[in-house]
Amino acid sequence: DAGVIQSPRHEVTEMGQEVTLRCKPISGHNSLFWYRQTMMRGLELLIYFNNNVPIDDSGMPEDRFSAKMPNASFSTLKIQPSEPRDSAVYFCASSTGTHGYTFGSGTRLTVV
Amino acid sequence: AQSVTQLGSHVSVSEGALVLLRCNYSSSVPPYLFWYVQYPNQGLQLLLKYTTGATLVKGINGFEAEFKKSETSFHLTKPSAHMSDAAEYFCAVSDPGFQKLVFGTGTRLLVRP
């Protein structure tokens, strides 16, 4: 089991550019979550999917953020256009039942 | 809505001393409770969880936590701290539908030699 796989691990981009973060959940997990972690705001749930369907996107900060899950093995989080305040570590997690979430190693995004 | 409060953003203990990290929750339904640990530049790792049944839960690395409904608490303890325990610890709450995990703000544990 390779765990939850996120790519890239680090991303540095210029303000205004489009950024796409990727996540491959654990096979068989039916729920997928995107979190953002910053010093100021801690861990924030952005959006989560159940069986590939977005259930709650109330945490998505602005229309500049969008997330998709085209199939059970892949999800993306896109920011367009990116801004310096989007700099954070973005985590993807997957889960099934009551076994708790399994987190990926995160993508550290820096927008300059 | 569910929420978690972690008392103390930083806790410092000596190696070998008792570790106590505090967590209080708010939930309108019977909660599921979790503790996660995050080492630098890594994702979060599940330490232990309470869903139903025995209120004293044992986890990895010698940690345990006790669910106390009357106190709405789920404090994390370890009898003897080790240098490798230095990390950030997050308490989290979920409803039994397990659709959404709400995290506390975290407690950074420092272990002094």
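Source: prediction; values computed, not measured. Chain letters run A, B, ... following the sequence lines, proteins first and then strands; every chain starts at 1.
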For A/Arg108, which atoms come within 4.5 Å of any heavy atom of chain B: side chain, backbone, both, or neither?
side chain
Decide, yes or no, whether a salt bridge links B/Glu64 with B/Lys78 under the criterion of side-chain N to carboxylate O below 4.0 Å.
no
In terms of heavy-atom proximity below 4.5 Å to chain A, should B/Gln38 be classed as side chain, backbone, both, or neither?
side chain
Could you look at A/Glu44 and say if it's the side chain, the backbone, both or neither that has a heavy atom under 4.5 Å from chain B?
neither
What ring pair (Phe, Tyr, Trp, His ring centres under 6.0 Å) pairs are there with at least one residue in residues 41-64 of chain B, not counting sequence neighbours?
B/Tyr50-B/Phe67, B/Phe63-B/Tyr89
Taking B/Val57 as the fixed residue, which of B/Leu33, B/Leu48, B/Leu47 is the one that meets the side-chain contact (heavy atoms from CB on, under 4.5 Å) rule?
B/Leu48
All salt bridge (charged side-chain N to carboxylate O under 4.0 Å, His left out) counterparts of A/Lys68, not counting sequence neighbours:
none
